[in-house]
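In what follows, a structure is listed as structure tokens, so that the remarks can point back to it.
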Amino acid sequence: MNWFYFSSPSTFYGLAGRLAPWFFILAAVLAAFGLYLGLGVAPTDAQQGAVYRVIFIHVPTAWMSMFLYFIMACYCGLTLVFNTRLSAMMARAIAPTGALFTFVALWTGAFWGRPTWGTYWVWDARLTSELVLLFLYFGYMALANAFEDPRRGDRAAALLALIGVVNLPIIYFSVQWWNTLHQGSSVSFKGTSMHVTMLTGMLVMSFAAWMYAIGATLMRVRSVILERERRAQWARNVEAA
Amino acid sequence: MNLYWSSWADFWAMGGHAYFVWMSYGALVVAIVVEILLLRVRRKRALAAIEEERDLEAEN
């Protein structure tokens, strides 16, 4: 098997188009089941009441916001080291979806925080570092599009993304390193303190978010490939379907 | 796997936290709808740019 076959944008274009619908279908099925568990079956939290149900979208979007940044940074590393074209296009395709999840994590956190902490926003370490993540995504996108030559934009933005990786452990460990208003992790590698239905619902929703992110990224990378390869012969023959 | 709520009204009320819960879930739904629309717009633009390229070449 030739592992480099799909690293050519023209072949990956077709592959992405065939795979994306399946990821969206998977995301929809998982989300339906996860919402049924989270909003329907799971019991209400004894201390917080029903507002805790924001957890079923807050935690998955927050996890994905960090995970997508990590994947984007990996593609950026490949771009800088090997100068591969598709990796830069993938990084560009991930960024908007990563920013979207970061925004939703911040937004849902605010609406969870108001009734439980008495405030929509506080400049505590977890919230502030997550806001920095949103600005890193914005900065990446702005820098990637700031150059006449897209390959220069790829490299400049990749460097920014790699420097921004230091923010990921800061977000993750912020609740341990500093005294934050944000609660500590309910789920860690050591185990969990959560009710089993709550935990299952949250994990199912996380997989749904993951599948959606892959689907959206694959759809976007197709457009990025077309934008970049519009003068290539193969792109001329793409069906406008 | 029994449902927690006794009625739909009960469900929508979210134990008095309806505003905060539905503002959160609503924002996610809006965000996904907007992203899917933007993905479609971007694809249309990319295809239009190829069409333009093709026309330019035909003229020359």
Side-chain angles (χ1 to χ4, degrees), chain A residues 20 24 27 31 35-45 48-58 60-61 96-97 100-101 103-105 107-116 197 209 212 215-216 219-220 222-232 235-241, chain B:
Chain A
F24 281 127
L35 289 174
Y36 174 73
L37 285 180
L39 289 178
V41 180
T44 285
D45 186 79
Q48 297 189 7
V51 75
Y52 98 90
R53 291 178 197 275
V54 171
I55 202 173
F56 299 107
I57 50 175
H58 177 72
T61 51
T97 300
L100 178 131
F101 278 123
F103 172 77
V104 173
W107 177 279
T108 55
F111 278 88
W112 191 0
R114 182 73 182 110
T116 40
T197 317
Y212 171 81
M219 286 310 288
R220 192 175 292 106
R222 276 162 65 83
S223 295
V224 174
I225 290 171
L226 287 184
E227 286 158 16
R228 299 277 282 265
E229 304 267 292
R230 64 180 186 278
R231 291 188 182 85
R236 305 265 168 109
N237 303 327
V238 165
E239 284 295 316
Chain B
M1 295 290 275
N2 290 322
L3 285 173
Y4 175 78
W5 312 97
S6 49
S7 69
W8 277 106
D10 214 18
F11 169 74
W12 292 116
M14 277 289 149
H17 285 132
Y19 176 72
F20 301 101
V21 172
W22 301 123
M23 277 300 274
S24 298
Y25 280 84
L28 177 64
V29 171
V30 169
I32 288 174
V33 168
V34 167
E35 179 168 42
I36 287 173
L37 288 177
L38 287 176
L39 282 171
R40 296 181 66 137
V41 168
R42 189 159 181 178
R43 174 158 175 83
K44 282 204 183 110
R45 283 202 187 136
L47 290 169
I50 290 175
E51 197 67 39
E52 224 168 89
E53 232 22 88
R54 212 184 278 152
D55 293 347
L56 269 174
E57 202 168 76
E59 277 173 33
N60 292 332

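The structure presented is a predicted model; accordingly, all values stated were derived computationally and were not measured. Below, chain A is the first sequence line, B the second, and so on; all start at residue 1. All heavy atoms count here, side chains included; hydrogens, waters and symmetry mates do not.
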Practice problem: Counting only heavy atoms closer than 4.5 Å, note whether A:Leu37 contacts chain B via side chain, backbone, both or neither. | Solution: side chain
Exercise. Go through the atoms of A:Val54 and report whether side chain, backbone, both or neither lie under 4.5 Å from a heavy atom of chain B.
Key: both
Quiz item: Regarding A:Arg53 and the six-membered ring of B:Tyr4, is the cationic atom NZ or CZ under 6.0 Å from the ring centre and inside 45° of its axis?
Solution: yes
Quiz prompt | Max heavy-atom pair count under 4.5 Å with chain B, selected residue of A:Arg114, A:His58, A:Arg222, A:Arg231 | solution = A:Arg231
Quiz item: Quick one: of A:Gly109, A:Pro96, A:Ala216, who has the most non-hydrogen atom pairs under 4.5 Å with chain B?
Solution: A:Ala216
Practice problem: Identify which part of A:Thr197 has an atom lying under 4.5 Å from any heavy atom of chain B, answering side chain, backbone, both or neither. | Solution: neither
Quiz prompt | Pairwise distance CG(B:Leu47) to CZ(A:Arg230) - rounded to 0.5 angstrom | solution = 12.5 Å
Quiz item: Who among B:Ile36, B:Val21, B:Leu3 has the most heavy-atom pairs with chain A under 4.5 Å?
Solution: B:Leu3
Practice problem: State, to 0.1 Å, how close B:Ala46 and A:Ser223 come at their nearest heavy-atom pair, and which atoms those are. | Solution: CB-O, 4.0 Å
Exercise. Write out all pairs satisfying side-chain hydrogen bond (donor to acceptor under 3.5 Å, both in side chains) with one or both partners inside residues 6-15 of chain B, taking only residues at least two apart or from two chains.
Key: B:Ser6-B:Asp10
Self-check item: Interchain contact, A:Tyr212 with chain B, by part (heavy-atom threshold 4.5 Å)
Solution: side chain
Quiz item: Where on B:Glu57 is there a heavy atom nearer than 4.5 Å to chain A: the side chain, the backbone, both, or neither?
Solution: side chain
Quiz item: What distance separates B:Glu35 CD from A:Arg220 CZ, expressed to the nearest 0.5 Å?
Solution: 4.5 Å
Quiz prompt | Backbone N/O of B:Arg54 and side chain of A:Arg236: donor-acceptor pair under 3.5 Å | solution = no
Practice problem: Side-chain contact test, heavy atoms from C-beta onward, threshold under 4.5 Å: evaluate it for A:Val224 versus B:Arg42 and give yes or no. | Solution: yes
Practice problem: Indicate yes or no for a side-chain donor-acceptor contact from B:Trp5 to the backbone of A:Leu39 under 3.5 Å, with no hydrogens or angles considered. | Solution: yes
Quiz item: Could you give the distance from CZ (B:Arg45) to CG (A:Leu226), rounded to the nearest 0.5 Å?
Solution: 14.5 Å
Quiz item: With only heavy atoms counted, which part of B:Phe11 is less than 4.5 Å from chain A, the side chain, the backbone, both or neither?
Solution: side chain
Quiz item: Does any heavy atom of chain B fall under 4.5 Å from the side chain of A:Leu100, the backbone, both, or neither of them?
Solution: side chain
Quiz item: Which answer fits A:Ala110, side chain, backbone, both or neither, if we ask what part of it has an atom under 4.5 Å from a heavy atom of chain B?
Solution: neither
Quiz item: Measuring heavy-atom distances to chain A, does B:Leu56 have an atom under 4.5 Å in its side chain, in its backbone, in both, or in neither?
Solution: neither
Self-check item: For B:His17, all residues meeting ring pair (Phe, Tyr, Trp, His ring centres under 6.0 Å), sequence neighbours excluded
Solution: none
